[in-house]
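Side chains included, hydrogens not; waters and symmetry mates left out as well; all remaining heavy atoms used.
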Amino acid sequence: MPKSRIRKKADYTPPPASKQAANIKLTNRGWVAPVMLAMFLIGLAWIVVFYVTDGTLPLNALGNWNIVVGFGFIAAGFGVSTQWK
């Protein structure tokens, strides 16, 4: 019986080096942490002041909606935290 031919595998050739790596732009995001913490603290202070003053401060006209405003500041802080790298 005849022997089958042995196929020679091609040597590995790396891809051409004509493509350059894309430059990564690192933007300055130093503002994120202070703004995030400020939003957290403002929201917490808003809620604490509302409870301590029995609802007369920060805005008497909002009534119990002051709690929503406080949590809104805290949620905005979490939204800003997504920009942190």
Side-chain angles (χ1 to χ4, degrees):
M1 177 168 271
K3 260 187 167 177
S4 61
R5 282 192 304 176
I6 298 174
R7 297 181 198 156
K8 185 177 181 184
K9 293 184 179 181
D11 293 333
Y12 172 75
T13 55
S18 64
K19 293 182 180 180
Q20 293 180 357
N23 292 337
I24 299 173
K25 292 183 178 180
L26 297 176
T27 58
N28 185 5
R29 302 220 181 204
W31 59 272
V32 174
V35 170
M36 176 185 64
L37 291 175
M39 296 293 243
F40 288 157
L41 292 176
I42 290 170
L44 179 65
W46 194 287
I47 294 170
V48 168
V49 167
F50 174 72
Y51 276 115
V52 169
T53 61
D54 293 328
T56 57
L57 288 177
L59 294 174
N60 192 20
L62 289 179
N64 286 335
W65 284 96
N66 280 306
I67 298 170
V68 175
V69 172
F71 278 114
F73 276 112
I74 293 171
F78 279 114
V80 170
S81 71
T82 63
Q83 299 298 314
W84 196 358
K85 289 188 179 184

### Task
Report the hydrophobic cluster partners of Val48, with the cluster defined as I, L, V, M, F, W, Y residues connected by side-chain heavy atoms closer than 4.5 angstrom, directly or transitively.
Leu44, Val52

List the atom pairs, with distances to 0.1 Å, where a side-chain N or O of residues 57-66 and a protein N or O form a donor-acceptor pair under 3.5 Å, not counting sequence neighbours.
{"from": "Asn66", "atom 1": "OD1", "to": "Trp46", "atom 2": "NE1", "distance (Å)": "3.2"}
{"from": "Asn66", "atom 1": "ND2", "to": "Leu59", "atom 2": "O", "distance (Å)": "2.8"}
{"from": "Asn66", "atom 1": "ND2", "to": "Gly63", "atom 2": "O", "distance (Å)": "3.0"}

### Where at least one partner belongs to residues 71-84, residue pairs that pass side-chain hydrogen bond (donor to acceptor under 3.5 Å, both in side chains), sequence neighbours excluded
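Those involving residues 71-84 are Arg29-Gln83.
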
### Query
If two hydrophobic side chains count as joined below 4.5 Å and joins carry through other members, does Tyr51 share a cluster with Ile42?
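Yes, same cluster.
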
Return a table of donor-acceptor pairs under 3.5 angstrom between the side chains of residues 70-79 and protein atoms on other chains or two or more places apart.
none

